[in-house]
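Worth knowing before you read on, the calculation uses all heavy atoms, side chains too, and leaves out hydrogens, waters and symmetry mates.
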Amino acid sequence: DAYDNVIYEDVSGHITGMVYPKTPSYPKILADIPYEYVNANSISTASSINGNYLLSMPAGTYTLTSNLEGPWVKVLNSRQPAVIHSSSISSPSVHDFDWQNYDTSYKGEESNVFYHSNIVHDYAISVGASEMNNFQMLATVNLANYCNAYYTARTINFYSAGNNCEATSLNSAIIYHEYAHGITSE
């Protein structure tokens, strides 16, 4: 008989970010970031609805990475590389991080869209949307146009700030509206 004598240790943490509860005319709030993939070498998990994650791995040093991607949404920025959090960690340990320290987009559009897309996904499922809506939606922020947003083929797309309009990715009602197009088209 062979036995696995590897001792597994936990790396846990909490993911937060500053988001606009409605529009940029409201102050940002600190929010738990749900359903975000967290990776350490080849080990992966997703944060809970409360922003907590747990990775079990052999004792050692790892590179923990995370970007604004999870089972329900993946965020891209058309004007710059997508934000990423990367840190050297040891197992066991606790590693919390806050996207306000890493989201370098104009006013945190990437964090804002990721957070609100997950909120509207959960709401839709809770009120009876089909489980067919459990897919990863692609969300692109800062497209080169102004004052609008649109849905097409499992993607939600948001224009950048300009022409007397704020970036549409900073308005939760617009995010919910575009995500709803994705839900109703499935």
Within-4.5 Å side-chain heavy-atom neighbours: Ile175 and Ile119: no
Leu76: hydrophobic cluster co-members (side-chain, 4.5 Å): Leu138
Hydrophobic cluster membership, with links at side-chain heavy-atom distances under 4.5 Å among I/L/V/M/F/W/Y: are Trp99 and Ile49 in one? yes
As an exercise, state the distance from CG of Leu54 to OG of Ser48, rounded to the nearest 0.5 Å. 10.0 Å
Does a side-chain heavy-atom distance below 4.5 Å link Asn77 with Thr140? no
Could you tell me whether the side chain of Thr155 reaches within less than 4.5 Å of the side chain of Met137, counting heavy atoms only? no
Can Asp103 and Ser105 be counted as having a side-chain donor-acceptor contact under 3.5 angstrom? yes
CD of Glu109 to CG of Leu170, rounded to nearest 0.5 Å, is 5.0 Å
When rounded to the nearest 0.5 angstrom, what is the spacing between CE in Met57 and CD1 in Ile43? 4.5 Å
Any pair counted as side chain to side chain donor-acceptor pair (under 3.5 Å), so long as it reaches residues 84-94, sequence neighbours left out: His85-His95, His85-Tyr102
Separation of Thr45 OG1 from Asn52 CG (nearest 0.5 Å): 11.0 Å
Just so I know, are the side chains of Ile84 and Ser66 near enough to count as touching, which here means a heavy-atom distance under 4.5 Å? no
Excluding Val94, membership of its hydrophobic cluster (Ile, Leu, Val, Met, Phe, Trp, Tyr; side-chain heavy atoms within less than 4.5 Å) reads none
side-chain contact (heavy atoms from CB on, under 4.5 Å) partners for Tyr150, two or more places apart: Leu143, Thr152, Asn157, Tyr159
Can you list the residues that meet the salt bridge (charged side-chain N to carboxylate O under 4.0 Å, His left out) rule with Lys107, with sequence neighbours excluded? Glu166
To the nearest 0.5 Å, atom NE2 of His14 lies from atom CG of Asp32 at 3.5 Å
Inter-residue atom distance Ile29.CD1 - Met18.CE, 0.5 Å rounding: 8.0 Å
Please enumerate all residues that pass salt bridge (charged side-chain N to carboxylate O under 4.0 Å, His left out) together with Glu69, with sequence neighbours excluded. none
